[in-house]
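So that the names make sense, note that chain A is the first sequence line, chain B the second, and so on, each numbered from 1. Because the structure is a prediction, the values reported are computed rather than measured.
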There are 2 protein chains.
Amino acid sequence: MDPAVVGRRVRALREERGISLSTLARLAGVGKATLSGLEHGTRNPTLETLWAVTAQLGVPFTALLAEPTAGPTAHGTAVTATLLEVFTDTDATYELYRMRVAPGPVQLSPAHQPGVTEHITVFAGVLRAGPADAPLTAPAGGHLRWVSDVPHTYAAVGDEEVTASLLLRYPRR
Amino acid sequence: MDPAVVGRRVRALREERGISLSTLARLAGVGKATLSGLEHGTRNPTLETLWAVTAQLGVPFTALLAEPTAGPTAHGTAVTATLLEVFTDTDATYELYRMRVAPGPVQLSPAHQPGVTEHITVFAGVLRAGPADAPLTAPAGGHLRWVSDVPHTYAAVGDEEVTASLLLRYPRR
DNA sequence: CCCGAGTGTTCCGTTTACGGAACAACAGTG
DNA sequence: CACTGTTGTTCCGTAAACGGAACACTCGGG
């Protein structure tokens, strides 16, 4: 992860709010040198520092560390999935991904454990996905859902890249 | 933010994967002392350190800093929404929330800007939501979508709390 | 022109997070 | 029993993140 990226975002968020470096430093309770160094990417900020600054900006960490999350980039070439969140409830564990499917060949994914379901919301493009023997199609705004304990496929229909959110539900065994 | 909380989660995630402190430290390229102190909450870890460890665990920061994210907890009493992610594409900005709707009175939410759409995936419970004059109903696993430039409502059907993911799409003006 | 109030950067002494090594405790050998 | 390989914790010198102060700079007034 590049600290310069984080720095640029902090600076952008600050200027977006029209607040000066000096005042943000004072509000967040950190030194001006610290904030300056942070925005320039010349420092390697502490959790405490980042927390203080982002809290003052009213922004979760996620907004700073969004897209370069080197999460488990998915299995193959066409599909890129970034793990956004994992939350555990009493009866299941959920993994929420942001997914991109590049136009091109169909992407085959192996089966998961029994009972696992996938929920996909398509935001842009047209996605054809689901069980390998009976895939479903959804346009932008559409939603797909299937039990993923069988091999399944992902493919972008047309030449537009597909953006979607993927939710995996693992029932508690 | 309490560093002890982060520490406990790191330890939980590590043990969940059945991997020892020593090996995780080696894999992540950090000192054992660093990781030990981090898990105990006696240190104030650096962005670089956190990044190395979470990347090795295959978990985004979000998973560590999940629920105490004092993000914009939603409008009223029945609905609690936590901002998980913000990502900006060329044509729109997305805000992804994890939403909980407590059983009880209907929650009314004011209209957003024109063109904003909401996408909801229900994970648990039964949700009745949508435009105030024509709400829709979705059970667990269901999906709702509507244009939210009119006042809209959220309500849990039955006495089970609703868990859902809410995605707001703001088209670029 | 000078002055005060603001901007953001740089300098610097103190604090502390860092990794390597040494450590005690335990497990499975021969 | 000793030996070897673990486990995680603690010690410690070094590197660096920290906040405060000093700095150069740009505005707007008197």
### Message
Is A:R43 close enough to D:dA16 that one of its side-chain N or O atoms is under 4.0 Å from OP1 or OP2 there?
### Response
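Looking at the OP1 and OP2 atoms of D:dA16, neither is under 4.0 Å from any side-chain N or O of A:R43.
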[X] [atom1] - [N] [atom2] separation (whole Å):
{"X": "B:E39", "N": "D:dG8", "atom1": "CD", "atom2": "C1'", "result": "9 Å"}
{"X": "B:L50", "N": "C:dC18", "atom1": "CG", "atom2": "C1'", "result": "14 Å"}
{"X": "B:L35", "N": "C:dC18", "atom1": "CG", "atom2": "C1'", "result": "13 Å"}
{"X": "A:E48", "N": "D:dA16", "atom1": "CD", "atom2": "P", "result": "20 Å"}
{"X": "B:L38", "N": "D:dT9", "atom1": "CG", "atom2": "C1'", "result": "15 Å"}
{"X": "B:R11", "N": "D:dT7", "atom1": "CZ", "atom2": "P", "result": "13 Å"}
{"X": "B:L21", "N": "C:dG19", "atom1": "CG", "atom2": "P", "result": "12 Å"}

### Distance-minimising heavy-atom pair for B:V101 and B:E161
O-CG, 3.3 Å
For the side chain of [X], starting at C-beta, report the closest nucleotide among [options].
{"X": "A:K32", "options": "C:dC11, C:dG8, D:dT9", "result": "C:dG8"}
{"X": "A:S36", "options": "C:dG19, C:dT9, D:dG8", "result": "C:dT9"}
{"X": "A:T34", "options": "C:dG19, C:dG8, D:dC18", "result": "D:dC18"}
{"X": "B:N44", "options": "C:dA17, C:dT9, D:dG8", "result": "C:dA17"}
{"X": "B:A33", "options": "C:dT7, D:dT9, C:dG19", "result": "C:dG19"}
{"X": "B:T49", "options": "C:dC18, C:dT10, D:dG8", "result": "C:dC18"}

Indicate yes or no for a side-chain donor-acceptor contact from [X] to the backbone of [Y] under 3.5 Å, with no hydrogens or angles considered.
{"X": "B:T46", "Y": "B:T49", "result": "no"}
{"X": "A:S36", "Y": "A:K32", "result": "no"}
{"X": "B:R43", "Y": "B:L38", "result": "no"}

### Query
Closest nucleotide of DNA chain D for B:I19 versus for B:T46: which of these residues is on the 5' side?
B:I19
### Message
Assuming nearest nucleotide by heavy-atom distance, tell me which of A:G37 and B:P45 is located more 5' along DNA chain C.
### Response
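By nearest-heavy-atom nucleotide position, the 5'-most residue is A:G37.
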### Task
Identify whether any heavy atom of A:R26 sits under 4.0 Å from a base atom; if not, whether one sits that close to sugar-phosphate; answer base, sugar-phosphate or nothing.
nothing
### Any A:V162 side-chain heavy atom under 4.5 Å of A:M99 side chain
no
